[in-house]
2 protein chains.
Amino acid sequence: MTTLVDVAKKANVSKMTVSRVINHPDKVTDELKQLVYQAMRELDYHPNMIAKALVNKSTRIIKLCILEDIDTTEPYYMNLMIGIAKTLDLHQYSLQLVTRKNFDIGNCDGYIITGMREQDVEWIRNLKKPVVIFGENRYGFDYVDTNNKTGTYLLSQLALKKGYERLIYVGIDSKESFEYSREAGYLQQVQEKRMMPELHRFGNHSHFAEEFIRDNWKSITNNTAFICASDRLAIGIVRGITRCGGKIPDDYGVTGFDGVFLNQVASPKITTIKQSIIEMGSACGENLLDKIDTNDKQGALVFEPKISLGGTLRD
Amino acid sequence: MTTLVDVAKKANVSKMTVSRVINHPDKVTDELKQLVYQAMRELDYHPNMIAKALVNKSTRIIKLCILEDIDTTEPYYMNLMIGIAKTLDLHQYSLQLVTRKNFDIGNCDGYIITGMREQDVEWIRNLKKPVVIFGENRYGFDYVDTNNKTGTYLLSQLALKKGYERLIYVGIDSKESFEYSREAGYLQQVQEKRMMPELHRFGNHSHFAEEFIRDNWKSITNNTAFICASDRLAIGIVRGITRCGGKIPDDYGVTGFDGVFLNQVASPKITTIKQSIIEMGSACGENLLDKIDTNDKQGALVFEPKISLGGTLRD
DNA sequence: ATCTTCAATGTTATCGGTAACAAATTAATC
DNA sequence: GATTAATTTGTTACCGATAACATTGAAGAT
């Protein structure tokens with residue numbers, strides 16, 4: 001490996017000048033800079049990040065903490081990691097995957113946290129390194145997420161435009177911020193149209209949604225659309241309606257949210273919100289690295305949702 | 001952060017002695033060792049891996065190269081990563097996720113490679129750091145995998161025991177080693193029973209398998225079991241048989257392979273080979289770290305397959 | 001012309017460890 | 001008991017970078 005000294009010798013300057021060309025180029029004359037650049041190119045010089053890390057007392061490690069149960073893991077996370085890793089690699093940082101159990105083993109320069117619950121706020125506040133949360137939150141942490149409210153707002157709007165006359169929201173029975181936002185999107189659309197809101201909440205499993213349909217089938221009038229907080233629930237609703245003999249999308253409409261995993265195997269495909277998790281992961285990484293560099297708050301980064309048309313709404 | 005010097009002062013020895021207690025404990029008297037251990041405990045000393053890496057000219061980074069198309073990514077890889085990360089974290093290594101495009105950016109101490117094809121053998125051979133392949137191969141690389149042959153052998157055996165009289169193998173149309181092994185398992189079982197082998201191969205998509213059933217439905221006699229090389233294919237076969245009016249598991253049996261992803265949403269659940277990818281990932285990590293430490297070949301690590309009973313075989 | 005001032009470059013010490021060599025202590029040999 | 005060998009511990013230099021301070025040299029002020 002070529003080092004600073006090799007470059008310095010070749011360019012006939014001190015190694016400090018080379019270091020400065022890299023880190024404070026404005027403090028070096030153009031003449032020397034050219035010499036140094038030339039030498040770096042000829043020797044194919046790449047700075048040794050380990051040495052850098054040693055003097056900076058940094059680690060070049062970012063921890064990705066997945067706080068949700070690993071059993072429920074979906075490709076979602078895989079895409080997230082791919083996105084994060086892409087950015088980090090570019091900046092010569094590396095990603096460490098940790099869970100609740102082992103998150104405090106070893107040092108790092110920053111955290112990306114996903115699956116945060118209320119109970120986690122405390123210890124996250126106490127972390128001494130920059131943090132970015134993946135998933136919206138109302139505790140003031142910087143975060144990256146889809147605009148959840150706009151998502152359900154748009155889907156509700158679309159359902160109405162397709163002529164469904166009744167809109168039932170099927171939500172997740174949890175106190176998390178994203179759920180409130182998705183409900184809010186539905187509510188706003190419904191209120192704008194002066195309709196009666198109808199909300200139901202279940203654990204995020206398809207069979208809960210399916211049971212709900214079965215148990216209430218007679219009260220579910222024709223021409224109803226279900227705005228679901230997740231693809232899982234949407235699939236349950238579809239299954240329930242189908243088993244009860246209802247016709248999708250002619251008599252009933254269904255929309256989901258997420259569009260990562262289940263949509264690949266579902267039949268018919270759910271009309272849902274497509275999230276570009278990879279892109280969001282990259283954003284997460286960049287957000288965090290900026291934060292590390294500048295030591296500044298970066299604020300939230302909200303991605304505008306895109307509808308992915310499936311076969312569960314008319315047309 | 002407490003350093004070697006802090007510990008050395010507290011224990012009234014030179015820092016070199018402390019270093020030796022950690023790395024060559026046999027070269028230090030028990031008396032001093034106790035003093036040093038005591039001091040380390042009191043100061044809660046943890047070695048600085050960055051400094052270590054600098055003098056050892058190592059990086060403490062392991063690259064996980066996923067060579068398959070990211071689009072086809074399944075939770076499979078997520079589990080793999082969790083397994084690998086678990087081991088690496090324990091040894092204070094960190095994992096870097098790379099793909100074909102960016103695999104040579106930045107240094108590392110070793111590679112774990114998955115999704116290897118024949119075309120990759122060349123450059124993998126040329127890598128200068130230790131390598132472990134995830135997935136069996138016949139090029140002499142160390143690897144970790146399920147015993148693929150035993151897997152299909154056992155499933156075939158089970159199908160016969162359940163009384164199915166005809167066994168059709170549905171394989172993946174690719175030249176990869178795992179496919180050959182799965183075929184071999186089926187063949188061995190069939191030959192032991194002096195039956196006529198019947199093999200078909202398709203791209204690894206459920207609709208190919210489904211079409212196959214439709215196109216050949218009249219020649220598919222009752223009491224046939226399909227030994228499939230993947231859950232995807234198995235799901236296609238199930239769908240095909242169901243659509244043609246066949247009854248599973250009464251008149252037709254189906255088995256898959258993998259049991260990670262699709263099995264969660266399939267209905268009925270496929271009888272398949274369950275692979276503990278997390279565990280295999282850990283093994284991968286340990287294998288590689290051993291290799292880095294000893295600079296030795298570690299050989300293959302083959303996990304014995306376990307059958308996961310679903311509803312696609314009788315009983 | 002001399003003294004400041006400031007910008008451009010070089011020197012030295014440092015980050016936290018380890019290897020290689022030096023010194024000190026103990027044990028072994030004659 | 002003196003000499004040598006072996007074991008244990010300490011000293012120094014180094015890994016590859018950067019910060020802090022020192023030096024040089026040219027422009028501007030008096």
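Lettering of chains follows the sequences in order, A, B, ..., and the numbering in each one begins at 1.
Residue A:Tyr45 has a polar side-chain atom (N or O) positioned under 4.0 Å from OP1 or OP2 of D:dA17. Residue A:His24 places at least one side-chain N or O under 4.0 Å from the OP1 or OP2 atom of D:dA19. In this structure, A:Thr29 does not reach the C:dA7 phosphate: none of its side-chain N or O atoms is under 4.0 Å from OP1 or OP2.
Listed by first and then second residue, the ring-ring contact (aromatic ring centres under 6.0 Å, His included) pairs that reach into residues 118-147 of chain B are B:Phe103-B:Trp123, sequence neighbours excluded. The ring-ring contact (aromatic ring centres under 6.0 Å, His included) pairs that include a residue from residues 16-57 of chain B number zero, where partners must be two or more places apart or lie in different chains.
As a whole-Å value, the separation of B:Met1 CE from C:dT14 P is 20 Å. Rounding to whole angstrom units, CG of residue A:Leu43 and P of D:dG16 are separated by 14 Å. Atom-to-atom, CD1 of A:Ile22 to C1' of D:dA19 comes out at 15 Å; the value is rounded to the nearest Å. Rounding to whole angstrom units, CZ of residue B:Arg60 and P of C:dG16 are separated by 17 Å. Rounding to whole angstrom units, NZ of residue A:Lys27 and P of D:dC21 are separated by 14 Å. Atom CE in B:Met49 sits about 9 Å away from atom P in C:dG17, given to the nearest Å. As a whole-Å value, the separation of B:Asp30 CG from D:dT7 P is 16 Å. As a whole-Å value, the separation of A:Asn48 CG from D:dT18 P is 10 Å.
At the heavy-atom level, B:Leu32 lies under 4.0 Å from the strands shown only through sugar-phosphate atoms.
For B:Asp89, the side-chain contact (heavy atoms from CB on, under 4.5 Å) partners two or more places apart in sequence, or in a different chain, are A:Gln96, A:Val98, A:Asn102.
Of the N and O atoms on the side chains of B:Gln38 and B:Glu42, at least one donor lies less than 3.5 Å from an acceptor on the other residue. In summary, the side chains of A:Glu179 and A:Ser174 do not present any donor paired with an acceptor at a separation below 3.5 Å, with no hydrogens or angles considered. B:Gln275 and B:Thr146 share a side-chain donor-acceptor pair at under 3.5 Å. In the model, A:Ser181 has a side-chain atom that pairs as donor or acceptor with a side-chain atom of A:Arg138 under 3.5 Å. Defined by atom type and a distance below 3.5 Å, a donor-acceptor pair is present between the side-chain atoms of A:Thr59 and A:Asp109.
For the contact set between residues 51-59 of chain A and DNA chain D, defined by any heavy atom under 4.0 Å, the members are A:Ala51, A:Lys52, A:Leu54, A:Val55. The stretch residues 3-21 of chain B touches DNA chain D through B:Val13, B:Ser14, B:Met16, B:Thr17, B:Arg20, each having a heavy atom within less than 4.0 Å of the strand.
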What pairs of donor and acceptor atoms, side-chain ones from residues 280-290 of chain A against any protein atom, are under 3.5 angstrom apart with sequence neighbours left out?
| from | atom 1 | to | atom 2 | distance (Å) |
| --- | --- | --- | --- | --- |
| A:Ser282 | OG | A:Gly83 | O | 3.1 |

